[in-house]
Participant: 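Pasting a structure below so you can have a look.
Bear in mind the structure is a predicted one, so any value in this text is a computation, not a measurement. Proteins come first, then strands; the chains are lettered A, B, ... in the order of their sequence lines, and each starts at number 1.
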Amino acid sequence: MTEQVIFYVSAFVALISAAGVVLNVRNTLYAALCLVITMLSLAVLFILLNAEFIGVLQVMVYAGAIVVLFLFVIMLLNIRGGDMGADRQPVLKVIGTLLIVGASVKLVPLLSESRRAWPEVGPEFGTVRAIGGTLYTDYLLAFEIAGVLLLAGIVGAVVMGKQRID
Amino acid sequence: MEVGAYVPVALFLFAVIALVFAPLMTWVERKQSALMQDRIGANRADILGIKAIGLLHPIADAIKMITKEDTVPDGGDRLLHTLAPIIATVPAMISFAVIPYGGSYQAWGAEWDLVVADLDYGVLYIFAVASLATYGNVLAGWASNNNWGMLGGIRVAAQMISYEVAMGVSAVGVFMIFGTLRLTDMGFAQQETFRLLGFVEHLGWVGAGTWWVELIKIPMWGIFLQPLAFFLFLTALMAENKRAPFDIPEGESEIIAGYFIEYSGMKFGLFYMGEWVEVVVISGLMTAMFLGGWSIPYLPDDVLVEFLRHGVGLNMANVLAMIAHVATFFLKVIVLIWFQQLIRWSVPRFRYDQVMNLGWKILLPLSLANIVITGLGILIIGEIMN
């Protein structure tokens, strides 16, 4: 019962704040803050699903680091609403609409059939040890590839940072 | 596990941390700085002539803060201006929940675990919650509609992001040694001792039970197993705490007071309170990870209880052990607080580029090297033991 209440509240907050990210066109900073609230509500949902480690990482990495960087950029460049010119690009609007329609076509049947019982999981499920074990055995290749991708990103950032402005 | 059972414990802890330690910190800060600078320090506040070596100053400060006018600058964001100090303070207060301040005790049929939330990802919880406090400071700078405030906010964002990396990476060595992120497990692991010269016996150079091998025993505290990580982690945590010498977001001489330039009254007080609670949390976390938590060196829990039970019975022995352990824990915390104050009043503020260099070019590479060395060490010791 408590879990259901928590689920509905955090799911509702997640949806509202996600809408806020898109609708806060005038005030970019508020959009970024809405994104933080979305991340936090998602973390609650993860923890409800016994994926506590993922939930905490969600807070630590996305809410705690990445969106802070967003804020940093918004404040440093003093970006106001409309600066990005999103409302002047009809191509983006068309692509966005198409993506939403496509996603809905996939989502509706998925939602209607997913009313099955949740599988039982052991006490180890979602712990740091279990996830570490899975990552380093079953999904080692994907894990390493993600690592290489991040390394490439870091090297790229260093190269761009080293270029002198004459 | 019943959540409700922990509420009194949580409230007790909150009272200790927020209502006792944080105001005391203002007194400690003023008195210690006075001592170090050959002054007298706070000694004027009195009630009916009783001065209590300046201990009444925290009360006077609190009354002053609450009764002051609360101003929001023109053109500032009223909502965020009010929310920011709360966002900056609350994470510091709730992050103490996972730090164990005692072990596990049975008395009169009940089991007492002296930790509010015993989480599997304990240390990560603190990292996650602490990273949210950044928003409070950044938004304070933005909502003030003040260029100095804005600069302070940007500096906070940059500094927090930089040192979160070093903070996380430098703690990995400790996770590897203890094989867990759960702070209570770390506490129990640190009760053990190891023989410094034990390897000569395992290598077969001398027979088992040679007296000089048994002689030197060292507690399995994080600081002895991970000395480099201790200093890296403490430095990163102090930078996250952004008090001097890492107080570039405030930088009175450059950007006046940085992000809280437009704050007054209790809102201003909340920022300070958050910082002081963070000092206590840092000390608690360092104690739990590196200084053996609640454990008394060379005196494991069961030996202590066994020794005490002869006079007073098993139940009272457990309670006495609990009191001894909580006292030990807070003694270690107080020593670490003193150490942080010592640094805070000894070292001048770094320049902005020095802070960034320290974080990215010294702490991060050393932390990464520490992980490699720790891995090699675990491998070699594992080989010798078998």
Participant: Take a 6.0 Å sphere around CG of B/Asn147 and say whether it holds more than 12 heavy atoms from other residues, nucleotides or ligands.
Facilitator: no
Participant: Any pair with a residue in residues 48-58 of chain A that passes side chain to side chain donor-acceptor pair (under 3.5 Å), sequence neighbours left out, goes on the list, sorted by first then second residue, please.
Facilitator: none
Participant: Is the number of heavy atoms from other residues, nucleotides or ligands under 6.0 Å of A/Tyr62 OH greater than 12?
Facilitator: no
Participant: May I ask you to test the B/Tyr121-A/Leu57 pair for a side-chain heavy-atom distance under 4.5 Å?
Facilitator: no
Participant: With a 4.5 Å limit on heavy-atom distance, are the side chains of A/Leu71 and B/Trp142 in contact?
Facilitator: no
Participant: Would you indicate whether the side-chain heavy atoms of A/Phe72 and B/Ile161 approach each other to under 4.5 Å?
Facilitator: no
Participant: Taking all non-hydrogen atoms of both residues, which atom of A/Gly64 and which atom of B/Ser131 are closest, and how far apart?
Facilitator: CA-OG, 3.4 Å
Participant: Is there side-chain contact between B/Met160 and A/Val68, with at least one heavy-atom pair below 4.5 Å?
Facilitator: no
Participant: Which heavy atom in B/Glu164 sits nearest to a heavy atom in A/Ala65, and how many Å separate them?
Facilitator: OE1-CB, 4.1 Å
Participant: Is there a side-chain contact between A/Leu29 and B/Leu80 in this structure, where contact means two heavy atoms from C-beta onward sitting under 4.5 Å apart?
Facilitator: yes
Participant: Can you pull out the residues in residues 33-44 of chain A with any heavy atom less than 4.5 Å from chain B?
Facilitator: A/Leu33, A/Val36, A/Leu40
Participant: Out of B/Val165, B/Leu119, B/Leu132, which one racks up the most heavy-atom pairs below 4.5 Å with chain A?
Facilitator: B/Leu132
Participant: Heavy-atom distances under 4.5 Å only: say whether B/Ile87 touches chain A with side chain, backbone, both or neither.
Facilitator: neither
